[in-house]
Amino acid sequence: MAKTLTEFDTIAAISTPIGEGGISIVRMSGEDAVKIANKVFKGANLTKVPTHTIHYGHIVDPDTGKTIDEVMVTVMRAPKTFTREDIVEINCHGGIVVTNHILQLLLGHGARMADPGEFTKRAFVNGRIDLTQAESVMDIVRAKTDKARQVAVQQLSGGLLKKIRAMRKKILNTLANVEVNIDYPEYDADTVTAKQMADTSQSVINKINQLLKTAQEGTVLRNGLATAIVGRPNVGKSSLLNYLTKSDKAIVTDVPGTTRDTLEEYVSIKGVPLKLVDTAGIRHTSNKVEKIGVERSEAALKKADLVLLILDSSEELTDEDMALIKETDGKKRIIILNKTDLGQKITTAGMKKLTGSAVISTSILKEKNLDELENTIKKLFFSGIENSNDQVMVTNQRQAGLLQKAKKQLQDVIHAVNKDVPVDIAQIDFTGAWDTLGEITGDSAPDELINDLFSQFCLGK
């Protein structure tokens with residue numbers, strides 16, 4: 001943690017997307033933020049205004065006397081700010097030239113260009129938020145569905161932080177008893193202390209398991225679900241993409257091989273963010289262009305989290321269909337029997353028996369039974385938690401990996417106790433689990449991890 005707020009210099013960055021827009025915001029944070037802003041602001045004396053107030057005026061270049069823009073300037077004094085430092089936000093007209101000119105003025109009068117994520121990093125270093133809350137800031141920014149936003153807001157309010165710290169406190173309380181037993185063995189028995197460690201370990205493992213159950217759903221909400229729409233040519237892949245995206249992204253004809261490349265689009269299906277990839281029809285072909293498309297389709301299929309395999313139910317299964325069924329076996333898969341309006345030669349029951357996968361019979365052209373497809377996607381990934389708006393989730397691999405590591409350390413404690421290993425030896429893994437859980441929140445995270453995490457943030461955040 002920082003010793004004082006004054007050990008940092010004043011940073012500045014553009015906090016809104018670069019480009020034309022109604023407004024842009026240039027943000028500063030640091031001990032000299034107000035003083036620097038006052039040098040280029042013509043209006044109220046910003047050094048004397050009350051905190052958390054906004055003021056009308058103009059940004060003027062002190063060297064030339066030229067007015068740069070008409071602005072509104074917000075002044076927020078420490079410690080009741082996001083970074084717990086003085087913050088100034090200049091709201092100017094949106095536009096690359098004017099926004100950059102204001103930023104350069106601030107940099108020329110004492111501010112430094114902020115590193116990516118440095119505002120949020122300062123909020124963490126100054127004790128305003130923990131690492132899980134810092135990660136939730138970017139989750140809110142990147143949220144692709146309302147459900148993802150709800151989970152991120154819950155995380156920002158400290159939901160995961162409270163659970164992790166409760167587990168660490170439980171371990172710490174037991175560690176205190178262990179230390180007393182090691183230092184003053186006459187006051188306790190090894191067997192009693194060992195049992196306490198084992199019981200606490202199992203209790204914390206149970207809580208970790210509850211969180212790990214949410215890891216898949218949390219990762220899906222955060223990153224989106226890579227979903228490949230596959231099938232042989234002219235079975236309805238592009239029609240399904242157009243239906244799900246409510247657009248005409250893909251060209252639809254009755255000519256096999258119309259789609260020559262993969263098409264990608266993000267959609268939300270019942271709260272599940274999907275990164276849809278409409279692939280070229282997978283078949284043997286001598287056409288060089290179509291062959292490249294088929295190769296890209298096969299690559300997309302390998303990376304997919306979910307496969308929507310479309311079959312033409314008005315025809316008997318072909319060798320190419322069977323090859324696709326075999327190739328997608330082992331993946332999360334929904335088989336779509338399309339073109340039921342033309343007669344159905346492949347039955348739902350028969351396909352379920354053959355593949356063991358969820359099967360939907362539909363006519364994409366007639367938009368029949370597609371609600372069932374959307375509900376099936378939701379059930380596959382949000383089973384049991386889809387209606388919980390206050391659900392605390394593990395939203396990334398860093399958190400999940402550390403929980404798994406802590407779980408393994410606690411399992412080793414139980415194993416050691418059962419093997420009558422000396423308490424002070426078993427304590428090593430017990431203390432290790434406490435440290436590992438601390439890495440999730442940043443309470444015991446190394447500087448390298450913190451720097452790496454915040455470097456992934458956008459500039460100005």
(message) Using side chain to side chain contact (heavy atoms under 4.5 Å, CB included), reason through L311 and V235 one step at a time and then give a plain yes or no.
(response) CA-CA 6 Å; L311 303 174; V235 294; over 6 Å; no
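- In this structure, the side chain of N100 does not engage the main chain of I96 through any donor-acceptor pair within 3.5 Å.
- For the pair T214 (side chain) and L211 (backbone), a donor-acceptor distance under 3.5 Å is present.
- When atom types are taken as modelled, the side chain of E118 and the backbone of D115 share a donor-acceptor pair closer than 3.5 angstrom.
- Here D86 pairs with R77 under the salt bridge (Lys or Arg N to Asp or Glu O under 4.0 Å) rule; sequence neighbours left out.
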(request) Starting from the C-alpha separation in whole Å, work towards a yes-or-no answer on salt bridge (charged side-chain N to carboxylate O under 4.0 Å, His left out) for R398 and E135. (result) CA-CA 10 Å; R398 185 189 76 86; E135 288 171 318; 2.8 Å; yes
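- L373 places a side-chain heavy atom less than 4.5 Å from the side chain of L308.
- For the residue pair T318 and D321, a side-chain donor N or O sits within less than 3.5 Å of a side-chain acceptor on the partner.
- A salt bridge does not link K379 with E372: every distance from a Lys NZ or Arg NE/NH1/NH2 to an Asp or Glu carboxylate oxygen is 4.0 Å or more.
- For the pair R128 and F82, the cation-pi criterion (under 6.0 Å, within 45° of the ring axis) is not fulfilled.
- Formation of a donor-acceptor pair under 3.5 Å by the K407 side chain with backbone atoms of L402 is not found in this model.
- Closest non-hydrogen pair, G110 versus I36, comes out as C-CD1, 3.5 Å.
- Using modelled atom types and a 3.5 Å distance limit, the side chains of T83 and S29 yield a donor-acceptor pair.
- Contact record, A358 with T376: CB-CG2, 3.8 Å, taken as the closest heavy-atom pair.
- Here the straight-line distance linking atom CG of N338 with atom CD1 of I364 works out to 3.5 Å at 0.5 Å rounding.
- Residues forming a side-chain contact (heavy atoms from CB on, under 4.5 Å) with E367 (at least two apart in sequence, or on another chain): Y243, L370.
- Inspection of the Q411 and S201 side chains reveals no N or O donor paired with an N or O acceptor under 3.5 Å.
- A side-chain donor-acceptor contact under 3.5 Å links K331 to the backbone of A304.
- Closest heavy-atom contact between A406 and T436: N-CG2, 3.8 Å.
- Side-chain contact between L276 and T245 is present, with at least one heavy-atom pair separated by less than 4.5 Å.
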(message) Under the criterion side chain to side chain contact (heavy atoms under 4.5 Å, CB included), I'd like the reasoning laid out for R122 against I11: C-alpha separation, chi angles, the key distance, then a yes or no.
(response) CA-CA 10 Å; R122 290 191 175 195; I11 57 174; 3.4 Å; yes
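- Residues N206 and Q202 have side chains that bring a donor and an acceptor to within less than 3.5 angstrom of each other.
- Atom-to-atom distance recorded for E374:CD and I334:CD1 is 10.5 Å, nearest 0.5 angstrom.
- Minimum interatomic distance between M393 and L160 (heavy atoms only, all atoms of both residues): O-CD2, 4.3 Å.
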(request) Any chance you could lay out the side chain to side chain contact (heavy atoms under 4.5 Å, CB included) test for L437 and I440, step after step, and finish with the verdict? (result) CA-CA 5 Å; L437 290 172; I440 298 175; 4.2 Å; yes
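- Within a 6.0 Å radius of NZ in K170, other residues, nucleotides and ligands contribute 12 heavy atoms or fewer.
- Under the 4.5 Å side-chain criterion, counting only non-hydrogen atoms from C-beta, I87 is not in contact with F119.
- T51 is not listed as a side-chain neighbour of K80, based on a closest heavy-atom distance of 4.5 Å or more.
- Of the possible polar contacts, one joining the T99 side chain to the G95 backbone as a donor-acceptor pair under 3.5 Å is found.
- Using a distance-only test at 3.5 Å, with no hydrogens or angles considered, a donor-acceptor pair links the side chain of R84 to the main chain of G127.
- Counting heavy atoms from C-beta on, the side chains of Q397 and V394 never come closer than 4.5 Å.
- Considering OG of S24 and CD1 of I18, their distance stands at 6.5 Å, rounded to 0.5 Å.
- At distances below 3.5 Å, not a single donor-acceptor pair connects side-chain atoms of T227 with backbone N or O atoms of L306.
- For the pair K352 and S357, the tightest heavy-atom approach, listed with the atom from each and the gap, is CG-O, 3.8 Å.
- The local environment of NZ in K332 is crowded, with over 12 non-hydrogen atoms from other residues, nucleotides or ligands closer than 6.0 Å.
- Looking only at distances, a side-chain donor or acceptor of S136 sits under 3.5 Å from a matching main-chain atom of Q133.
- Judged purely by atom type and a 3.5 angstrom limit, T441 has no side-chain atom pairing as donor or acceptor with the backbone of D130.
- Taking the side chain as every heavy atom from C-beta outward, L337 and I360 never approach each other to under 4.5 Å.
- The distance from atom CG of L354 to atom CD1 of I335, rounded to the nearest 0.5 Å, is 7.5 Å.
- Residues Q409 and D429 share a closest heavy-atom pair of O-CB, 3.5 Å.
- Interatomic distance, OG1 of T174 versus CD of Q427, reported as 11.0 Å (0.5 Å rounding).
- With sequence neighbours excluded, the residues forming a salt bridge (Lys or Arg N to Asp or Glu O under 4.0 Å) with D329 are R333, listed by chain and number.
- For the atom pair CG (L240) and CD1 (I229), the distance works out to 4.5 Å, reported to the nearest 0.5 Å.
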(message) Please evaluate residues L106 and V26 with respect to the criterion side chain to side chain contact (heavy atoms under 4.5 Å, CB included), reporting the C-alpha separation (whole Å), side-chain torsions for both, the decisive distance (0.1 Å), and the verdict.
(response) CA-CA 9 Å; L106 300 177; V26 182; 3.6 Å; yes
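- Using a 4.5 Å cut-off on side-chain heavy atoms (C-beta onward), R27 and I90 make no contact.
- Counted within 6.0 Å of NE2 on H52, heavy atoms from surrounding residues, nucleotides or ligands total more than 12; the atom is thus considered enclosed.
- A 4.5 Å side-chain heavy-atom check between V204 and I171 finds at least one atom pair inside the cut-off.
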